[in-house]
Amino acid sequence: MLLFLFFCIYFWEQMNCYYQGFRDTDGDLSKLFFEIMLARVVFVLVFEHLVFGAKLLLAMIIYDVPADVLLKEKREEFRAKQALDAALIT
């Protein structure tokens, strides 16, 4: 175990990391970094609007109230109207 630890430390010191990321030679964030960040934000906003639009479309297509319940409500309104008309006539 100790040998493995020395081995890891030795090679850790020998490695050079050349990854610069999205930075200039001065170390500041480059213009490419901000362009990529803007593209990510725009993607998230567009995707979110597409999801909510699809949800709204499905909510408009699929009714919340079943057809038999609508029919029963209309029948109840009709009978209530008939009862009112009969009460007003007599």
All N/O donor-acceptor pairs, side-chain side in residues 64-77, below 3.5 Å, sequence neighbours left out:
none

Task: Residue pairs fulfilling salt bridge (charged side-chain N to carboxylate O under 4.0 Å, His left out) with at least one residue in residues 34-52, sequence neighbours excluded - done: Lys31-Glu35

- [ ] Using the test side chain to side chain contact (heavy atoms under 4.5 Å, CB included), find all partners of Val46 that sit at least two apart in sequence or belong to another chain.
- [x] Val42, Leu50

TODO: Could you tell me which residues satisfy side chain to side chain contact (heavy atoms under 4.5 Å, CB included) with Phe33, sequence neighbours excluded, listed by chain and number?
DONE: Phe22, Leu29, Ser30, Met37

Open item on the list: Using a 4.5 Å cut-off between side-chain heavy atoms of Ile, Leu, Val, Met, Phe, Trp and Tyr, which other residues end up in the same hydrophobic cluster as Met60?
Closed with: Leu56

Open item on the list: Working to the nearest 0.5 angstrom, can you tell me the gap between Leu57 CG and Lys55 NZ?
Closed with: 11.5 Å

